[in-house]
Peer 1: 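Quick one: this structure, given as structure tokens, is what I'll be asking you about.
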Amino acid sequence: MKIIIKYIFIFLAIGIFASCKKYLDVNKNPNEATKPPINGLLIRTTQNTALNVFRVSNITSYYVQYLANVSLAGATDTYEPIDASGTWTSLYDNMTDIYDLQKFGEERGAFQYQGVAKIMMAMNLQLVHNLWGAAPYSDAFTGESLTPKYDDAQTIFQTCLTLLDDGIVLIQKSGPSENDLSKDGDLIHHGVVAAWVKTAHALKARLLNQLSKTAQYNTGNIFTELAAAYTSTADDAFITTFDVRNPWNQEAVDNAALNLDGWLSKNYVDAMTGATYGIPDPRLPFTASLTKFGDYRGTRNGGDRVGSGTKKEESYVDLNGYYSSTSSPLYIITYEEMKFIEAEAAFRSNDLARAYAAYLEGIKANMNKIGVAAAARDGYVNDPSVSVGEASLTLGLIFKEKYKALFLMPVTWDDARRFDYAYQGFQLPLNVVTNTFIRRLVYPTVETGRNSANVPAVSDVTQRLWWDQ
């Protein structure tokens, strides 16, 4: 709590500083940007980068059926076009702050700040790219246009890779010690340059693996990035500093207060209880609440809740779950994701021994991290349906175990689209308004209302993005 209070005071100081400057500088150009302390920008952008992962996941988790709406035929469940203006605004507000962080770093000769800014810009921009495709970037942050042009989706994707490459170089450049990355201001890696370098390579591996349906897919390039990325769960990128609590915990708190939220999908619960795959997964008690019946029950996407919603007849995101307690880590990218990327890339390159070893390590690493007992872990991993042997390994098994291990992570929607939703037992939601699975979002009204001349035409939510053809 002391740590949280410390950061609250820092955030307040940033706001007061900005407000006073704006109020007192009456003879200055009102259009000139106010410059908050660079360390304050670092705090704000590292926190909001992780929070943006949550904001995106709070949409995509319905599309991969981790979560389900609490009412009949909810819009997100049934693929109605939703207005994600809040998420779009949060992403662009943070990218604007990151742009300023980079510029202030350039003015000070603070290479590490510039490097982190580049890496975080890629983190946020790839979320925009994966939801919408084409987006404003090259014309978006200079302040020269209120209606910035859109960069096409493939250009945005390549920009993310370039930002990561540039960030890796910049963050490792030496400079005056007073310009070193702040340990207190960096809420993700606490000023550890080597950790940021690993994260940048991990993000590159994720992006390159996303090309699996395209002619650009290159397993050798993926392996190169994996070799420079994470070697254990200790390397994971996440935050544990929040204004009040982890946002997934807020959903659990809301639900406990009968503001119904955070309900688990029947698809996810069935995958974890053994109803779908024939073996109970020992991670379920770390993510889901028990019903009043002493078991786990999910809500069918697009259907209605079983009862009133007040009697614990379904399972919800748990108040004390590994990912949803008050101070649970909010993850950006993890070691187990790297292992499943390795498993997939090795499988696609016909290195079955490497693929199988990485597949098993991904399962074990995730179970160890969240606290599954060794006996329960080994009982699951050694089951013949999981330990199938390298000759019997399939992409379906890799994607299934990645789906389980990356609970509530937005990248699982990218995976679902790359895998064409071919998970065992995965169904279209009830009352769905399309005849096939969702592939993208429509552009939000905050953008179509003010920048309509530049917003690309989108036929509907089943239109595939360029990497999902």
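Quick note: residue numbers are just sequence positions, from 1. Predicted model only: the values in this text are computed from it and were never measured. The figures that follow rest on heavy atoms only: side chains count, while hydrogens, waters and symmetry mates do not.
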Peer 1: If you round to the nearest 0.5 Å, how far is CZ of Arg44 from CG of Leu51?
Peer 2: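 Between Leu51 CG and Arg44 CZ, I get 13.0 Å after rounding to 0.5 Å.
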Peer 1: Answer with yes or no after comparing the ring centroid distance for Tyr403 and Tyr66 against a 6.0 Å cut-off, counting only values under it.
Peer 2: yes
Peer 1: Run the ring-ring contact (aromatic ring centres under 6.0 Å, His included) test against Phe223 and tell me which residues pass, sequence neighbours left out.
Peer 2: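 Once residues adjacent in sequence are excluded, Phe223 has no partner under the ring-ring contact (aromatic ring centres under 6.0 Å, His included) criterion.
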Peer 1: Output the distance between atom OG1 (Thr233) and atom CD1 (Ile370), rounded to the nearest 0.5 Å.
Peer 2: 11.5 Å
Peer 1: Working to the nearest 0.5 Å, report the span between CG of Asn221 and CG of Asn209.
Peer 2: 12.0 Å
Peer 1: Compare all side-chain heavy atoms of Asp318 with those of Phe286 and state whether any distance is below 4.5 angstrom.
Peer 2: no
Peer 1: Of Ile98, Leu91, Thr96, which is the lone residue that meets side-chain contact (heavy atoms from CB on, under 4.5 Å) with Asn94?
Peer 2: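 It is Ile98; the other options fail the test.
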Peer 1: Taking the six-membered ring of Tyr335 (Phe, Tyr or Trp), confirm whether the NZ or CZ of Lys369 is under 6.0 Å from its centre and within 45° of its axis.
Peer 2: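 Geometry flag: not set, cation outside 6.0 Å or 45°.
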Peer 1: Between the main-chain N or O of Tyr316 and the side-chain N or O of Ser289, is there a donor-acceptor pair closer than 3.5 Å?
Peer 2: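 Yes: the side chain of Ser289 pairs with the backbone of Tyr316.
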Peer 1: Do Ser328 and Ser325 have side-chain atoms, one donor and one acceptor, less than 3.5 Å apart?
Peer 2: yes
Peer 1: Between Ser265 and Ala68 (side chain of the first, backbone of the second, donor and acceptor by atom type, cut-off under 3.5 Å), is there such a pair?
Peer 2: no
Peer 1: Could you point out which residue of Val455, Asp139, Asn451 forms a side-chain contact (heavy atoms from CB on, under 4.5 Å) with Thr147?
Peer 2: Asn451
Peer 1: Can a salt bridge be assigned to the pair Asp415 and Arg418 using a cut-off of 4.0 Å between side-chain N and carboxylate O?
Peer 2: yes
Peer 1: Which distance, rounded to the nearest 0.5 Å, do you find between the CD1 of Ile82 and the OG1 of Thr76?
Peer 2: 5.0 Å
Peer 1: With distance as the sole test, does Asp270 use its side chain to make a donor-acceptor pair with the main-chain N or O of Ala275 at under 3.5 Å?
Peer 2: no
Peer 1: Would Ile188 and Thr199 satisfy side-chain contact (heavy atoms from CB on, under 4.5 Å), going step by step from the backbone distance to the final call?
Peer 2: CA-CA 10 Å; Ile188 297 173; Thr199 288; 5.8 Å; no
Peer 1: Will you find, in the side chains of Thr445 and Ser85, an N or O donor that is under 3.5 Å from an N or O acceptor?
Peer 2: yes
Peer 1: Less than 4.0 Å between a side-chain N and a carboxylate O, is that true for Glu401 and Arg283?
Peer 2: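 Yes.
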Peer 1: Hey, are Asp254 and Gln250 close enough side-chain-wise for a donor-acceptor pair under 3.5 Å?
Peer 2: yes
Peer 1: Can you name the side chain to side chain donor-acceptor pair (under 3.5 Å) partners of Asp151, sequence neighbours left out?
Peer 2: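 Asp151 satisfies side chain to side chain donor-acceptor pair (under 3.5 Å) with Ser138 once adjacent residues are dropped.
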Peer 1: Could you tell me the separation between the CG atom of Asp261 and the CH2 atom of Trp248, rounded to the nearest 0.5 Å?
Peer 2: 8.5 Å
Peer 1: Under a plain distance cut-off of 3.5 Å, with no hydrogens placed, do Arg55 and Asn58 share a side-chain donor-acceptor pair?
Peer 2: no
Peer 1: Give a yes or no answer on whether the side chain of Asn301 reaches the backbone of Gln65 with a donor-acceptor pair at less than 3.5 Å.
Peer 2: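 Flag not set: sc Asn301 to bb Gln65 has no pair under 3.5 Å.
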Peer 1: Checking Ser387 side chain against Pro384 main chain: does a donor-acceptor pair fall under 3.5 Å?
Peer 2: no
Peer 1: Excluding sequence neighbours, so at least two apart, what forms ring-ring contact (aromatic ring centres under 6.0 Å, His included) with Tyr137?
Peer 2: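 Tyr137: ring-ring contact (aromatic ring centres under 6.0 Å, His included) contacts with Phe141.
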Peer 1: Does a donor on one side chain sit under 3.5 Å from an acceptor on the other, for Thr78 and Asn431?
Peer 2: no
Peer 1: If you count heavy atoms of other groups shown closer than 6.0 angstrom to CG of Leu258, is the number above 12?
Peer 2: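 Atom CG in Leu258 is crowded, with more than 12 foreign heavy atoms closer than 6.0 Å.
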Peer 1: State plainly whether the residues Arg297 and Glu313 are in salt-bridge range, i.e. N to O under 4.0 Å.
Peer 2: no
Peer 1: Please determine if Lys339 and Glu336 form a salt bridge, counting it only when a charged side-chain N lies under 4.0 Å from a carboxylate O.
Peer 2: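 No.
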Peer 1: With a 3.5 Å cut-off and no angle check, do the side chains of Asn255 and Glu251 form a donor-acceptor pair?
Peer 2: no
Peer 1: So does Ser324 get a backbone contact from the side chain of Asn249, meaning a donor-acceptor N/O pair under 3.5 Å?
Peer 2: yes
Peer 1: Judged by atom type as modelled, is there a donor-acceptor pair below 3.5 Å linking the side chain of Asp351 to the main-chain atoms of Ala346?
Peer 2: no
Peer 1: Taking side chain as C-beta onward, heavy atoms only, is Gln126 less than 4.5 Å from Arg206?
Peer 2: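 Answer yes - side chains close enough.
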Peer 1: Cut-off 3.5 Å, no hydrogens considered: what does the side-chain donor-acceptor table look like for residues 419-429, sequence neighbours left out?
Peer 2:
from, atom 1, to, atom 2, distance (Å)
Asp420, OD1, Lys213, NZ, 2.8
Asp420, OD1, Arg439, NH2, 2.9
Asp420, OD1, Arg464, NH1, 3.3
Tyr421, OH, Trp413, NE1, 2.7
Tyr421, OH, Ile438, O, 2.5
Gln424, NE2, Thr276, O, 2.8
Gln427, OE1, Arg300, NH2, 3.2

Peer 1: Backbone N or O of Ser57 within a donor-acceptor pair of the Ser61 side chain at under 3.5 Å?
Peer 2: yes
Peer 1: Give a yes or no answer on whether the side chain of Tyr356 reaches the backbone of Gly389 with a donor-acceptor pair at less than 3.5 Å.
Peer 2: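 Answer holds: yes.
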Peer 1: Below 4.5 Å, heavy atoms only, C-beta onward: do Val253 and Leu319 meet side chain to side chain?
Peer 2: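 The answer is yes; the side chains approach within 4.5 Å.
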Peer 1: According to side chain to side chain donor-acceptor pair (under 3.5 Å), who are the partners of Thr334, at least two apart in sequence or on a separate chain?
Peer 2: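 In terms of side chain to side chain donor-acceptor pair (under 3.5 Å), with neighbours along the sequence ignored, Thr334 is linked to no residue.
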Peer 1: State, without any angle test, whether Glu447 and Tyr150 hold a side-chain donor-acceptor pair at a distance under 3.5 Å.
Peer 2: yes
Peer 1: Got a second to check how far Ile43's CD1 is from Leu187's CG, nearest 0.5 Å?
Peer 2: 6.0 Å
Peer 1: Charged N to carboxylate O below 4.0 Å: is that the case for Arg417 and Asp468?
Peer 2: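 Salt bridge absent between Arg417 and Asp468.
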Peer 1: Any chance the side chains of Asp235 and Thr231 put a donor and an acceptor closer than 3.5 Å?
Peer 2: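 Yes, Thr231 and Asp235 have a side-chain donor paired with an acceptor closer than 3.5 Å.
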Peer 1: Applying side-chain contact (heavy atoms from CB on, under 4.5 Å), run through Trp132 and Trp88 and close with a yes or a no.
Peer 2: CA-CA 10 Å; Trp132 290 283; Trp88 176 281; 3.7 Å; yes
Peer 1: For Met120, does its backbone N or O pair with a side-chain atom of Asn124 as donor and acceptor, under 3.5 Å?
Peer 2: yes
Peer 1: Any side-chain donor paired with an acceptor under 3.5 Å for Asp186 and Trp196?
Peer 2: yes
Peer 1: The criterion is side chain to side chain donor-acceptor pair (under 3.5 Å); which residues satisfy it with Tyr443, sequence neighbours excluded?
Peer 2: none
Peer 1: More than 12 foreign heavy atoms under 6.0 Å from CG of Asn382: is that the case here?
Peer 2: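 Count over threshold, so yes.
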